[in-house]
Protein chains: 2
Amino acid sequence: MERKRSDIIADQLEELIFNGTFGNGERLDEVQLSARFGVSRTPVREALLRLAQSGLVEHFPRRGVFVRQPGPIELIEMFEVMAELEATCARFAASRISDRAVSELNETNRRCHAAVEAGDADLYYRENEKFHAILYKESGNSFLEQECLRLQRRLQPFRRTQLRLRGRLKQSMQEHEQIVAALGQGDGSHAAEVMRGHVAVQGEKFHHLMASLKTAAA
Amino acid sequence: MERKRSDIIADQLEELIFNGTFGNGERLDEVQLSARFGVSRTPVREALLRLAQSGLVEHFPRRGVFVRQPGPIELIEMFEVMAELEATCARFAASRISDRAVSELNETNRRCHAAVEAGDADLYYRENEKFHAILYKESGNSFLEQECLRLQRRLQPFRRTQLRLRGRLKQSMQEHEQIVAALGQGDGSHAAEVMRGHVAVQGEKFHHLMASLKTAAA
DNA sequence: ATTTTGCATCTTGTATACAAAAACATTGAC
DNA sequence: GTCAATGTTTTTGTATACAAGATGCAAAAT
């Protein structure tokens with residue numbers, strides 16, 4: 001299945017916004033981007049419309065599109081929702097999860113733990129993401145799974161910065177293990193509660209990092 | 001603020017899909033639609049891309065776009081998520097809601113009740129929607145509010161059919177009142193619990209109506 | 001000096017033209 | 001008669017051309 005140029009451009013633009021090449025409020029000019037990517041305006045335009053729908057940029061008809069980084073308040077709100085969605089996944093999963101998936105979660109946690117010991121933040125990040133992805137799937141609700149993946153993807157660039165808080169890693173691992181334990185016992189409300197705190201803390205502690213972000217004022 | 005033709009077309013196509021003019025799996029031809037709306041392919045194309053992102057149609061590159069009505073399983077999943085999101089709204093609202101909003105909810109419930117008495121299903125529908133919209137806002141989380149509105153909008157055509165179940169109306173009203181009472185007492189978990197059931201029942205009872213839907217088999 | 005109005009320019013939105021890939025049908029081989 | 005190969009046709013994806021609204025500046029009026 002061959003992808004369209006416009007999709008590739010959308011992904012690239014997304015990355016450029018995530019890594020801060022295009023700052024908040026910056027205008028994205030169609031012709032400029034066309035030249036940059038060596039294509040005509042059409043695919044660039046389709047890419048911009050896609051980004052506008054996913055909320056990464058704002059589109060003012062006849063005026064242009066502007067980068068729209070979420071401000072601190074919106075980020076906290078998004079983390080709050082993420083926490084609720086993941087808690088829901090955990091609660092659902094408690095009654096629906098397979099033994100196969102439980103051991104898979106344990107496996108992932110083991111690798112995650114090893115990554116912490118080795119100080120391999122990148123590996124930790126990948127395995128951590130996998131842990132959460134498994135839980136989404138084991139919620140037994142594909143729609144919920146997709147929504148979680150969508151929001152996780154949007155929060156990804158802000159979540160990454162969290163990992164630099166050294167002390168948090170070990171606590172995070174303990175929470176993972178608590179979640180798996182609760183799931184193994186079929187204790188949905190406990191799994192949900194731990195998961196909620198596990199994710200929400202990222203949003204609550206987030207303001208500690210606000211100084212290091214360019215998106216200080218909305 | 002003048003809207004674009006492509007946006008207008010997207011809305012019209014959405015409506016045509018909702019009301020079943022375009023059945024599930026049907027192919028949406030760009031040139032055909034261009035002729036139908038009296039415009040060129042460009043705005044039609046942009047509209048289709050927008051619908052594809054919102055999940056109403058599926059876009060296969062170089063092959064075309066096809067109507068993608070959610071099947072019964074996906075619908076139940078979506079209602080399940082809607083129930084969780086609204087329950088979250090209720091729980092948040094319990095600690096954040098203003099007295100002003102509480103009386104507004106009571107007002108809306110009163111009009112809702114009157115609509116039931118008068119047998120005015122349409123008015124009931126509008127006031128019911130307002131009730132929920134107020135709760136979204138009073139969650140104090142704008143992002144959550146927007147997500148709820150988005151999903152509600154998507155489920156709207158399937159929710160409407162629920163109202164024909166006569167017996168459900170009165171019970172639904174009682175639930176509304178229970179929710180407001182719980183909110184007034186600041187009992188978030190109870191408000192959430194009632195709300196969850198209030199919304200979820202639409203999904204659970206949904207299969208009773210499956211026969212009347214064209215989207216029987218995925 | 002400040003505001004307002006008209007013009008020039010720029011940018012977006014839409015139409016059309018072209019390229020390439022996929023669907024389709026026809027024809028030929030087995 | 002079925003299946004495969006090839007050529008034709010249709011349809012999407014991209015480029016370009018055109019139309020119209022938005023922005024900015026300058027000049028004139030208050």
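Reminder, nothing fancy here: chain letters follow the sequence lines and each chain counts from 1.
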- Query: When rounded to the nearest 0.5 angstrom, what distance separates CG in Leu28(B) from CG in Leu51(B)?
  - Reply: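 That separation rounds to 8.0 Å.
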- Any ring-ring contact (aromatic ring centres under 6.0 Å, His included) pairs touching residues 128-151 of chain B, not counting sequence neighbours?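 For residues 128-151 of chain B, and leaving out neighbouring residues, the ring-ring contact (aromatic ring centres under 6.0 Å, His included) pairs sorted by first residue read Phe131(B)-His176(B), His132(B)-His176(B), His132(B)-His198(B).
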At under 4.0 Å, does any side-chain N or O of [X] touch on OP1 or OP2 of [N]?
X        : N       : answer
Arg63(A) : dT11(C) : no
Arg45(A) : dG13(C) : yes
His59(B) : dG13(D) : yes

- Item | ring-ring contact (aromatic ring centres under 6.0 Å, His included) partners of Phe18(A), counting only residues at least two apart |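 Partners of Phe18(A) under the ring-ring contact (aromatic ring centres under 6.0 Å, His included) test: none.
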- Query: Residues two or more places apart in sequence or in another chain: which of them pass ring-ring contact (aromatic ring centres under 6.0 Å, His included) with Phe37(A)?
  - Reply: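 Result, ring-ring contact (aromatic ring centres under 6.0 Å, His included) vs Phe37(A): none returned.
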- Item | Partner set under side-chain hydrogen bond (donor to acceptor under 3.5 Å, both in side chains) for Glu30(A), not counting sequence neighbours |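 Checked Glu30(A) against side-chain hydrogen bond (donor to acceptor under 3.5 Å, both in side chains); matches are Arg41(A), Arg45(A).
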Would you tabulate the pairs of protein nitrogen or oxygen atoms and nucleotide nitrogen or oxygen atoms of nucleotides 16-19 of chain C closer than 3.5 angstrom?
none

Could you state the atom-to-atom distance from [atom1] of [X] to [atom2] of [N] in whole Å?
X        : N       : atom1 : atom2 : result
Leu49(B) : dT14(D) : CG    : C1'   : 13 Å
Ile9(B)  : dT14(C) : CD1   : C1'   : 10 Å
Lys4(B)  : dT11(C) : NZ    : P     : 17 Å

- Message: Check this for me: does any side-chain nitrogen of one of Glu84(A) and Arg196(A) sit under 4.0 Å from a carboxylate oxygen of the other?
- Response: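 The answer is yes: the pair qualifies as a salt bridge.
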- Query: Taking NZ, NE, NH1 and NH2 as the nitrogens, is one of them in Arg150(B) or Glu147(A) under 4.0 Å from a carboxylate oxygen of the other?
  - Reply: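 Result for this pair is yes, salt bridge flagged.
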- Short question: side chain of Glu77(A), backbone of Ser142(B) - any donor-acceptor pair under 3.5 Å?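 Yes: the side chain of Glu77(A) pairs with the backbone of Ser142(B).
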- Using a cut-off of strictly less than 4.0 Å between a heavy atom of the residue and any atom of DNA chain D, enumerate the qualifying residues of residues 26-37 of chain B by number.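 Here the set is Arg27(B), Asp29(B), Glu30(B).
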